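Worksheet: one structure, shown below.
All heavy atoms count here, side chains included; hydrogens, waters and symmetry mates do not. So you know, we letter chains A, B, ... as the sequences are listed, proteins then strands, and number each from 1. Just so it is clear, the structure is predicted and the values come from calculations on it, not from any experiment.
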Amino acid sequence: MPIFALYDINNCYASAEKLFSPKLKDRPVVVLSSNDGCVVARSAEAKALKVPMGIPWFKMLDLARQHGIVALSSNYELYGDLSNRVVSVLRQFTPHLEVYSIDESFLSLDGFSHLDLEDYGRAIREQVLQWVGLPGCVGIGLSKTQAKLANFLAKKGLAGSDGVCNLLSMPSSLLDDLLGRIEVAEVWGVGRKIDAQLQSMGITTVKDLRDADPSMIRQRFSVVLERTVRELNGVSCLELEEFAPDKKQIMVSRSFGQYAYSFSELSDAVATYTSRAAEKLRSQDSMATALLVFIETNYFRQDEPQYHNSFRLTFPEATSDTRELVQYALEALRRIYRRGYGFKKCGVMLTEIRPKEAVQASLFSPAPGESRSDKIMSLMDDINGKWGRGAIRVAAVSAEHPWAMRRERKSPNYTTRWDELPVVLAK
DNA sequence: CTATAACTCTCAA
DNA sequence: CTAACGTTGAGAGTTATAG
């Protein structure tokens with residue numbers, strides 16, 4: 001039987017910020033989403049103050065002032081770099097690992113059952129804490145869903161206080177007792193809708209769901225939730241995905257820091273996002289045959305005129321060339337743009353993605369091998385890799401972006417940018 | 001009618 | 001000083017469309 005461990009960084013973004021800013025120790029810290037919009041991470045102190053997840057920052061200014069809550073813009077460069085460091089430590093503990101998200105990894109502990117798994121979990125936590133500086137918890141179980149659940153118990157201190165929980169060694173009476181006291185919404189895969197439906201059926205705790213009849217669950221819900229039930233019972237249905245498959249769609253979208261009104265502002269944004277999407281596309285050696293562009297006004301201001309539209313366009317031939325993709329995207333934008341609206345958000349989605357070796361060439365396309373376009377694109381990617389994103393770009397992307405997202409409270413990129421390092425030299 | 005495409009819903013971090 | 005509410009991707013299931 002497989003054994004899974006889930007390692008999860010505690011309050012990931014908030015912990016990352018505290019790591020480099022000792023002044024923040026013991027202070028309530030929150031990290032904000034793009035545009036400094038909503039709270040997406042909270043330190044333990046902020047959670048203790050009941051700061052809700054996802055609350056718009058401007059709605060909690062009073063609370064923040066009252067308690068001296070520190071709010072920071074998200075610094076994804078920093079979190080991404082720290083995340084990579086954590087993963088490299090975790091890899092020392094297992095040959096098979098799945099990076100599930102920026103702050104979570106599943107570790108296969110198959111064949112480790114001769115060890116004391118709780119000791120092993122503690123060793124993992126301590127090593128990450130010592131080498132990277134970030135705190136985390138470890139949950140161990142017979143399936144990914146069990147490992148998630150165990151991690152939850154560890155984080156809440158419901159199964160000991162050392163940040164590790166191993167369901168395999170827990171007496172079943174104790175487990176039943178615990179699961180009977182945890183809301184079913186905590187289960188991985190149970191979101192808002194399914195929770196409401198389960199509640200109405202009298203399934204309110206994790207224990208209720210674990211003990212439900214899988215075939216009934218399949219009938220009333222779906223095969224997905226049926227698998228969840230089986231996984232809760234220790235029957236692994238979801239495998240470790242060590243190697244992330246290529247993306248089937250690539251999306252770049254963002255809200256604007258301030259409204260964009262004119263076609264030229266929007267086309268600038270669309271070209272910018274398309275360029276970024278094309279970079280992602282090339283980084284997995286793929287080509288796309290279609291794209292979708294969408295533009296939106298501000299949903300939250302129903303007093304203002306509303307307009308949302310999108311346009312999907314299929315190309316005559318697959319491409320990964322930023323120049324072509326930008327032309328297509330701007331063509332799509334022309335089809336939907338309307339004057340007189342303040343636009344708050346736009347996005348570009350590349351679809352019908354295939355590996356570049358697998359694309360059907362047209363009758364007139366050049367012979368296989370590295371094309372002129374490929375060479376130009378790799379040159380662009382090299383230059384931007386060395387000198388920073390946007391160092392070389394298509395002309396549709398301007399140098400100044402008045403609509404760029406607000407990020408007024410960003411900490412320095414301590415680990416990835418020499419010039420942002422706040423070095424204090426000897427006098 | 002069937003196979004596929006397109007769209008909707010739900011979830012997750 | 002004021003206004004201010006995220007992003008990206010997957011999979012399942014349903015509906016529309018093409019042949």
Pick base, sugar-phosphate or nothing for Trp57(A), based on heavy-atom distances below 4.0 Å to the nucleic acid. nothing
In whole angstroms, the gap separating C1' of dT8(B) from CD of Gln249(A) amounts to 13 Å
message = What's Tyr299(A) touching, base or sugar-phosphate or nothing? Going by heavy atoms closer than 4.0 Å.
response = nothing
When rounded to whole Å, the CG to C1' distance for the pair Leu149(A) and dA12(B) reads 16 Å
Margin query: Base, sugar-phosphate or nothing for Ile194(A)? Non-hydrogen atoms, less than 4.0 Å.
Written below: sugar-phosphate
Q) Base, sugar-phosphate alone, or nothing: which one does Arg227(A) contact when heavy atoms must sit under 4.0 Å apart? A) sugar-phosphate
Ranking Ser34(A) and Ser222(A) by the position along DNA chain C of their nearest nucleotide, the one closer to 5' is Ser34(A)
Pairing partner of dT7(C), by Watson-Crick or G-U wobble and under 3.5 Å for both distances, is dA13(B)
Whole-Å distance, Asn10(A) CG to dA13(B) C1', equals 15 Å
Among the nucleotides dT10(B), dA6(B), dG6(C), whichever has the atom closest to the side chain of Lys193(A) is dT10(B)
When both distances are under 3.5 Å in a Watson-Crick or G-U wobble arrangement, the nucleotide paired with dT14(C) is dA6(B)
Met251(A) CE to dG6(C) P, in whole Å, measures 14 Å
Side-chain atoms of Lys280(A) come closest, of dA12(B), dA12(C), dT8(C), to dT8(C)
- Is the shortest distance from a Lys or Arg side-chain nitrogen in Glu45(A) or Lys18(A) to a carboxylate oxygen in the other one below 4.0 Å? yes
Ranking dC5(C), dA13(B), dT7(C) by distance to the side chain of Lys345(A), first place goes to dT7(C)
Q.
Students often get this wrong, so: under 4.0 angstrom with heavy atoms, is Asp36(A) touching a base, only sugar-phosphate, or nothing?
A. nothing
**Message:** Less than 4.0 angstrom from a charged side-chain N to a carboxylate O is my criterion; do Asp382(A) and Lys386(A) meet it?
**Reply:** no
From CD1 of Ile250(A) across to P of dA10(C) the rounded distance in Å is 9 Å
For the C1' atoms, the ones on dA12(B) and on dG6(C), what distance do you get once it is rounded to whole angstrom?
14 Å
Note: for Val224(A) and Lys344(A) on DNA chain C, the residue whose nearest nucleotide lies more 5' is Lys344(A)
From the candidates dA4(C), dA12(B), dG6(C), the one with an atom nearest any side-chain atom of Arg406(A) is dA4(C)
Does Ile9(A) reach a base, just sugar-phosphate, or nothing at all? Heavy atoms under 4.0 Å.
nothing
Please determine whether a side-chain nitrogen of the Lys or Arg among Glu226(A) and Arg230(A) lies less than 4.0 Å from a carboxylate oxygen of the Asp or Glu. yes
Looking across every strand, which nucleic acid part, if any, lies under 4.0 Å from Val348(A) by heavy atom: base, sugar-phosphate, or nothing? nothing
Taken to the nearest whole Å, CD1/Ile217(A) to P/dA12(C) is 18 Å
Q) Base, sugar-phosphate, or nothing: which does Gln258(A) touch, judged by heavy atoms less than 4.0 Å apart? A) nothing
Whole-Å distance, Leu238(A) CG to dC11(B) P, equals 16 Å
message: Once you apply a heavy-atom cut-off of 4.0 Å, does Lys247(A) come out as touching a base, just sugar-phosphate, or nothing?
response: sugar-phosphate
Decide, yes or no, whether a salt bridge links Lys144(A) with Glu98(A) under the criterion of side-chain N to carboxylate O below 4.0 Å. yes
The nucleotide from dA4(C), dG6(C), dA6(B) with an atom nearest the side chain of Glu352(A) is dA6(B)
Side-chain contact check for Ser255(A): nearest option of dA12(C), dT8(C), dG6(C) is dG6(C)
Next on the checklist: Using a strict threshold of under 4.0 Å (side-chain N to carboxylate O), is an ion pair present between Glu420(A) and Lys410(A)?
Outcome noted: yes
Practice problem: Please determine if a side-chain N or O atom of Lys148(A) lies less than 4.0 Å away from the OP1 or OP2 oxygen of dA13(B). | Solution: yes
Looking at dT8(C), I'd like to know if its phosphate oxygens (OP1 or OP2) sit under 4.0 Å from a side-chain N or O belonging to Ser253(A). yes
Self-check item: Pair Arg407(A) + Glu77(A), salt bridge at N-O below 4.0 Å
Solution: yes
Whole-Å distance, Ile353(A) CD1 to dT8(C) P, equals 14 Å
Hey, does Asn35(A) reach any base, or is it just sugar-phosphate, or nothing, if we go heavy atoms under 4.0 Å? nothing
Can you see if the side chain of Arg301(A) gets near the phosphate of dA4(C) - specifically, an N or O under 4.0 Å from OP1 or OP2? yes
Assess whether a salt bridge exists between Glu279(A) and Arg389(A), defined as any Lys/Arg side-chain N lying under 4.0 Å from an Asp/Glu carboxylate O. yes
Out of dA13(B), dC5(C), dA4(C), minimum distance to the side chain of Pro56(A) belongs to dC5(C)
